[in-house]
Structure formats: C-alpha cells, structure tokens
Amino acid sequence: MRFVYQASPWRSLINKSGQFDPLAFTTPLESIVSRLFVPHLTLADSYASQLRLVDALARYDLPAWRISQVLSDHNAWLYQQAVALSLNEMRAQGWGEPPVDYCVVMLGSAARYESLLGPDQDNALIIDDYPDERHVEIDGYFQALGERFTQRLDEAGIPLCRGHVMARWPMWRKRLSEWRLQLEIWSADRRVKRVQQTNILLDFTPVAGSLTLAEQLADIVSTTLPQASLFMDEMALLLDELPVALDRLGRIASSPHLEAPHRHAINLKRQGLLPLISALRLLCLRYKRHEIGTRERLIALSHETDGVSLDQADLLIAAFERFQQCLMEQQRYNKSRGQAADGWVDLRRLREDEKLLLKFDLQQVKALVQSVRGQR
C-alpha cells in the first residue's frame with residue numbers, strides 16, 4: 001500500500017530526511033510578495049496579486065483577521081506609492097515641493113487594518129495651518145495632489161468612493177484648524193448627517209506625510225466630541241440604523257430593506273461587523289481612547305471600569321474573527337467565479353455548526369449594541 005500525504009507549508013518545514021528546511025516554507029510566498037512591494041511594477045500589477053496572496057496565506061492556515069492585516073499593510077503601501085508618484089509628477093510639472101506639512105490618512109476598514117477583498121477608497125487630507133491669503137495657492141496644490149493619488153489608486157483597482165469620501169474633495173481636505181472647526185460644527189447638535197460624517201472621520205490612520213498632524217487631530221477629537229452631549233446621544237440612537245441580522249424570534253435574517261441577491265443571503269458586513277464597530281467606536285469616544293482596530297478597542301475597553309467585561313471582550317473578539325473569516329471565505333469563493341467581493345454571505349455555504357456559531361456571535365453583538373445604546 002502506498003501512503004500519500006498532502007503536504008502543507010507547515011509540514012514542509014521538515015524534509016524527508018528529518019532536517020529543518022525553512023525554504024520550503026518561504027518559497028511559495030516569494031513569487032507573490034515579489035509582485036506586491038516592488039516600486040518598478042505598476043500599482044495595478046501589484047494590487048492584482050492580492051487575491052493570490054490571500055489564497056497562499058489561507059494555505060498557511062492563517063486566520064482571516066491576520067490576513068486582513070497583511071492586506072491592509074499592502075493597501076497602505078499602495079497609498080504611499082500613489083502619493084509619492086503624484087508628488088514626483090507635480091515636481092516635474094513645476095508645482096515644486098508641498099508648501100506646508102500635510103498628512104494623508106486612510107479611513108474606515110483600511111484605517112482599522114481590517115481590509116478584506118474589494119475595498120473602495122476612503123481617505124482624507126490634514127493640512128498644516130497657513131494664512132488665509134495663501135488659500136488659493138496652497139489648497140490648489142493639495143487639491144491637485146488629492147486628485148492625482150486617488151486617480152492612481154482607482155486605476156490600480158481600488159475604485160473611487162461613490163460617497164465622495166476622498167481627499168480630492170474640499171469636505172475631506174482641510175487645514176488642521178478647519179478640521180477642529182468642522183468637528184465643532186458637526187457635534188453642535190444632533191443632525192443625523194453630521195453624526196454620520198463624523199463617524200466616517202473617527203477611524204483614521206496616517207499613511208503619508210506628517211504623523212504629528214494626525215496625532216493633533218486625534219487630540220482634537222478626544223477633547224471635542226465627548227463633551228457634546230446632544231451629539232453623543234444622536235450617535236447612540238444611530239446604532240438603530242444598523243440592525244443586527246436577527247429577526248424578532250432570534251433567527252438569522254437579513255433586514256427587509258436590504259436588497260439581498262437571494263433569500264439565503266445576509267449582509268454580514270452591514271448587519272454584523274458594522275454594528276460591532278459602531279458600538280465600539282462610540283464607547284472609545286466616551287472613554288477618550290485612541291485605539292482604532294476592533295480587537296485593540298475591545299482589549300482597551302475591557303480595562304475600563306464600565307467599558308466591557310473581560311469575558312464579553314473575549315466573546316466579541318471571537319465573533320469579530322469569525323465574521324472576518326466568513327466574509328473572506330465568501331469573497332474568495334465569489335472572486336474565483338468572477339463575482340464581486342462584497343459584504344453578502346450565502347448561508348447555504350455554511351455548515352450547521354457554523355450557522356449556530358454565527359447566530360451566537362450575532363447575539364453577542366446585539367447585546368453589546370443594546371448595552372451601549374442604554375448608557376446614554
């Protein structure tokens with residue numbers, strides 16, 4: 001009888017002679033990584049290799065939340081390259097050097113280092129303060145920069161944001177003092193649109209330019225928003241806009257207002273991840289925490305007296321990791337069939353035990369949201 005074993009990358013570390021062979025582990029990744037972080041390749045070629053990277057890392061049994069961090073690192077690198085190429089182009093065209101310090105920040109899942117497949121762009125620009133009389137000159141420079149680097153990312157395969165949350169637009173390109181004023185305006189009352197815009201800004205991380213400007217904006221956020229009681233109340237109320245994917249009987253179900261591709265689909269991103277993320281964002285704001293990532297927020301909040309308990313944090317971290325796993329596996333399945341990588345999950349592809357775990361995880365998120373909403 002001949003025994004045949006399917007060698008995994010980990011099992012390949014020990015060869016047939018019983019010797020340690022690290023090359024057997026690293027070689028499968030080398031050809032992929034060489035196309036990810038090489039400046040002379042086009043950004044499009046680099047971005048196109050992400051799916052191969054995800055497939056390879058999945059073979060190494062890395063959990064999806066770890067893979068999403070690697071994807072986010074690569075997306076940050078793409079941003080850096082797009083900004084650098086745009087600045088070089090502007091220098092060649094006679095624009096010169098940036099007239100003042102600036103910071104390009106990523107927003108949303110990229111900022112939390114939780115990117116999955118198929119993201120669009122969410123970014124902003126923080127510009128150091130300058131005299132009003134130089135506004136046309138200086139803002140014109142950064143408008144040109146914003147248009148160029150977002151266009152490069154779009155051409156690489158990361159599409160322009162359909163909601164216009166990008167540094168090419170004045171709403172998301174401001175002096176530091178203007179960001180302070182904008183946050184004061186947004187938090188002055190309880191208008192839904194203003195709270196939604198603020199929520200978009202709150203998850204940001206610097207990717208190019210001056211780190212100091214990003215730190216100063218984080219300080220402005222933590223000193224301005226927690227004091228705005230009406231705004232914080234509305235932020236809590238808006239948690240109802242993201243209902244968890246459970247019906248009134250506690251069964252897994254997509255909300256009727258969402259246009260599901262079929263009756264077995266739920267939007268796990270919108271009705272699982274986003275309620276969790278939104279509740280934790282609000283809690284961190286209340287406690288003036290600067291953490292951005294979901295796991296980091298849960299760990300930090302578990303050390304706050306009235307944040308989340310250690311047991312609750314453990315349950316929610318596990319829920320978050322399983323959400324990421326479920327979404328990434330569905331996205332890989334979709335991409336292999338030429339379909340879009342989005343937030344929908346086909347329940348027919350889940351085993352019964354996976355459905356039970358998903359239901360349990362959604363219940364934990366719902367309990368968190370109800371608790372946070374009740375703390376107003």
Side-chain angles (χ1 to χ4, degrees), residues 35-37 39 41-55 64 67-87 89 104-125 142-173 196-197 199-208 258-261 265 267-270 273-274 277 324 327-345:
R35 298 187 62 82
L36 285 171
F37 297 96
L41 288 175
T42 68
L43 298 186
D45 286 340
S46 182
Y47 181 71
S49 298
Q50 279 195 356
L51 181 58
R52 289 179 57 216
L53 175 67
V54 170
D55 289 340
I67 296 174
S68 72
Q69 290 178 333
V70 178
L71 283 181
S72 300
D73 285 335
H74 185 241
N75 288 335
W77 182 84
L78 290 171
Y79 263 84
Q80 291 160 2
Q81 295 300 304
V83 172
L85 289 168
S86 299
L87 286 171
E89 179 182 78
V104 176
V105 296
M106 299 188 300
L107 307 174
S109 59
R112 295 188 299 271
Y113 282 81
E114 297 166 4
S115 295
L116 296 170
L117 295 168
D120 63 357
Q121 293 185 47
D122 289 297
N123 51 70
L125 252 173
F142 289 109
Q143 178 183 351
L145 176 60
E147 290 174 351
R148 281 167 166 78
F149 85 74
T150 55
Q151 184 62 35
R152 277 187 161 84
L153 290 171
D154 180 63
E155 292 169 356
I158 305 178
L160 299 173
C161 175
R162 287 176 291 181
H164 305 297
V165 182
M166 293 174 292
R168 57 167 50 203
W169 302 109
M171 173 68 77
W172 302 99
R173 183 185 70 249
Q196 291 171 333
Q197 289 169 327
N199 272 332
I200 293 171
L201 178 65
L202 290 181
D203 291 357
F204 71 89
T205 194
V207 70
L258 295 178
E259 295 183 2
N267 195 316
L268 187 55
K269 177 180 178 180
R270 182 168 177 80
L273 269 181
L274 290 185
I277 290 164
Q324 290 283 86
L327 280 164
M328 185 165 285
E329 288 178 0
Q330 181 71 59
Q331 289 184 348
R332 290 176 62 207
Y333 178 85
N334 289 359
K335 296 285 277 185
S336 70
R337 285 156 177 76
Q339 300 169 1
D342 52 27
W344 291 96
V345 168

* Got a sec, which residues hit side-chain contact (heavy atoms from CB on, under 4.5 Å) with A82, two or more places apart in sequence or on another chain? -> L43, F149, R152, L153

* For the atom pair CD1 (I277) and NZ (K269), what is the distance rounded to the nearest 0.5 Å? -> 8.5 Å

* Say whether, by atom type as modelled, one donor and one acceptor occur between the side chain of N334 and the main chain of A340 under 3.5 angstrom. => yes

* Identify the heavy atoms of P119 and I158 that sit nearest to each other, and give their distance. => O-CG2, 3.8 Å

* Asked: With R270, which residues qualify under salt bridge (charged side-chain N to carboxylate O under 4.0 Å, His left out), at least two apart?
  -> none

* Name of the residue among W172, F142, W169 meeting side-chain contact (heavy atoms from CB on, under 4.5 Å) with L125 -> F142

* To do: Would you please name every residue forming a side-chain contact (heavy atoms from CB on, under 4.5 Å) with A341, sequence neighbours left out?
  => L117, Q331, K335

* Asked: Which atoms form the tightest heavy-atom contact between L107 and F204, and what is the distance?
  -> CD2-CB, 3.5 Å

* **Set of ring pair (Phe, Tyr, Trp, His ring centres under 6.0 Å) partners for Y113, sequence neighbours left out** => none

* Indicate the atoms forming the closest heavy-atom contact of A167 with A124, along with that distance. => CB-C, 3.9 Å

* Quick one: closest heavy-atom pair of G343 and L327, and the distance? => O-CD2, 3.5 Å

* Asked: Are R162 and D120 ion-paired here, with the side-chain N under 4.0 Å from a carboxylate O?
  -> no

* Can you tell if the side chain of L116 reaches within under 4.5 Å of the side chain of S109, non-hydrogen atoms only? -> no

* Atom of W344, atom of E259 and distance for their closest heavy-atom approach -> CZ2-O, 3.5 Å

* Asked: Q196: what forms a side chain to side chain donor-acceptor pair (under 3.5 Å) with it, not counting sequence neighbours?
  -> none

* Asked: Can you name the side-chain contact (heavy atoms from CB on, under 4.5 Å) partners of T150, sequence neighbours left out?
  -> Q121, N123, L160, M166, R168

* To do: Determine the minimum heavy-atom distance between M328 and V54, stating which atoms define it.
  => SD-CG1, 3.9 Å

